[in-house]
Amino acid sequence: MSTVTSTVRPTRSVLARRGLTAVVVSIAGNGLLLALVLASGVVQPFMPLSYPPVLFLSAVGAIGAALVYGVLSQRVESPDKTFLRVAVAALVLSFLPDIGLLFGDPQATIPGVLVLMAMHVVVAAVCVGTLTRVGRARRSA
């Protein structure tokens, strides 16, 4: 015997709250990561590894993720699972410009690019965790 459960779609206000939370936590997480990396002196600083681009692009990534999740939540049967797949694919693709820095920016180093890639992971993890119910315990009604 199988049971069918209906998918509860988040309201716009819930999506907006989750999206804002994703933006704030992404900025805070990458700001903290950048502060720790720069304070450690392990990585040679270069323009992409400075506060303005890191904070701005963290916010842009989280906003984009929230918009994509909002569209998926209205158009697909299981938006959380679909968003997780999209987020993983987007994360992998987001590494390509960072790798390109190694060839296009003479100040880019492998450790610096790895830190940038780790920042992509921070935003992706925050967005998946904040926007979806993936990994959360189900509430019983």
Side-chain angles (χ1 to χ4, degrees), residues 2-141:
S2 66
T3 58
V4 177
T5 57
S6 62
T7 303
V8 177
R9 308 233 184 252
T11 64
R12 285 183 190 224
S13 64
V14 168
L15 286 173
R17 244 181 322 200
R18 288 183 190 174
L20 182 59
T21 301
V23 170
V24 170
V25 175
S26 293
I27 289 171
N30 277 340
L32 177 62
L33 178 58
L34 182 59
L36 293 172
V37 166
L38 294 178
S40 73
V42 172
V43 174
Q44 176 87 18
F46 66 115
M47 184 55 187
L49 198 57
S50 61
Y51 287 102
V54 165
L55 301 181
F56 175 73
L57 292 172
S58 296
V60 168
I63 291 167
L67 293 172
V68 168
Y69 184 76
V71 169
L72 290 174
S73 70
Q74 299 302 314
R75 297 185 184 238
V76 299
E77 184 63 32
S78 56
D80 291 349
K81 289 180 184 177
T82 303
F83 181 72
L84 179 59
R85 289 184 192 116
V86 169
V88 169
L91 175 62
V92 171
L93 290 174
S94 76
F95 293 154
L96 296 177
D98 292 341
I99 294 168
L101 287 172
L102 291 171
F103 302 100
D105 187 337
Q107 293 181 323
T109 62
I110 291 174
V113 167
L114 290 175
V115 169
L116 290 173
M117 294 168 93
M119 290 178 177
H120 291 248
V121 174
V122 168
V123 174
V126 166
C127 289
V128 168
T130 304
L131 297 170
T132 72
R133 295 183 100 38
V134 172
R136 296 183 200 173
R138 293 186 183 256
R139 294 182 191 172
S140 52

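A quick note: this is a predicted structure, and the numbers were derived from the prediction, not measured.
To the nearest 0.5 Å, atoms NE2 (His120) and CG (Leu57) are separated by 7.5 Å. Note: Phe46 CZ to Leu116 CG = 4.5 Å, rounded to the nearest 0.5 Å. To the nearest 0.5 angstrom, Cys127 atom SG is 12.0 Å from Tyr69 atom OH. If you take CG on Leu131 and CG on Leu67, they are separated by 10.0 Å, rounding to the nearest 0.5 Å. One finds the CD1 atom of Ile27 at 13.5 Å from the OH atom of Tyr51 (value rounded to the nearest 0.5 Å).
Atom CD of Gln44 is surrounded by 12 or fewer heavy atoms from other residues, nucleotides or ligands within 6.0 Å. Within a 6.0 Å sphere centred on CD1 of Ile110, other residues, nucleotides and ligands contribute 12 heavy atoms or fewer.
Checked by atom type and distance alone, the side chain of Ser94 pairs as donor or acceptor with a backbone atom of Leu91 at under 3.5 Å. Ser40 places a side-chain N or O within donor-acceptor distance of the main-chain N or O of Val37, the cut-off being under 3.5 Å. Using modelled atom types, no side-chain atom of Asp80 and backbone atom of Thr132 make a donor-acceptor pair closer than 3.5 Å.
For the pair Val42 and Pro111, the minimum side-chain heavy-atom distance is 4.5 Å or more. Between Val121 and Phe95, some side-chain heavy-atom pair lies under the 4.5 Å cut-off. In this structure the side chain of Leu49 reaches within 4.5 angstrom of the side chain of Met119, judged on heavy atoms. Here the side chains of Leu93 and Leu96 are in contact, with some heavy-atom distance below 4.5 Å.
Minimum heavy-atom separation, Gly70 to Leu15: CA-CD1, 3.9 Å. Contact record, Pro48 with Pro53: O-CG, 3.9 Å, taken as the closest heavy-atom pair. Of all non-hydrogen atoms in Val113 and Ala108, the two that sit nearest each other are CG2-CB, 4.3 Å. The heavy-atom pair separating Pro45 from Leu38 by the smallest distance is CB-CD2, 4.0 Å. When all heavy atoms of Pro79 and Val76 are compared, the closest pair comes out as CA-CG2, 3.6 Å.
Results of the side chain to side chain contact (heavy atoms under 4.5 Å, CB included) test with Phe103 over Leu101, Ile99, Asp105 single out Ile99 as the only residue that passes.
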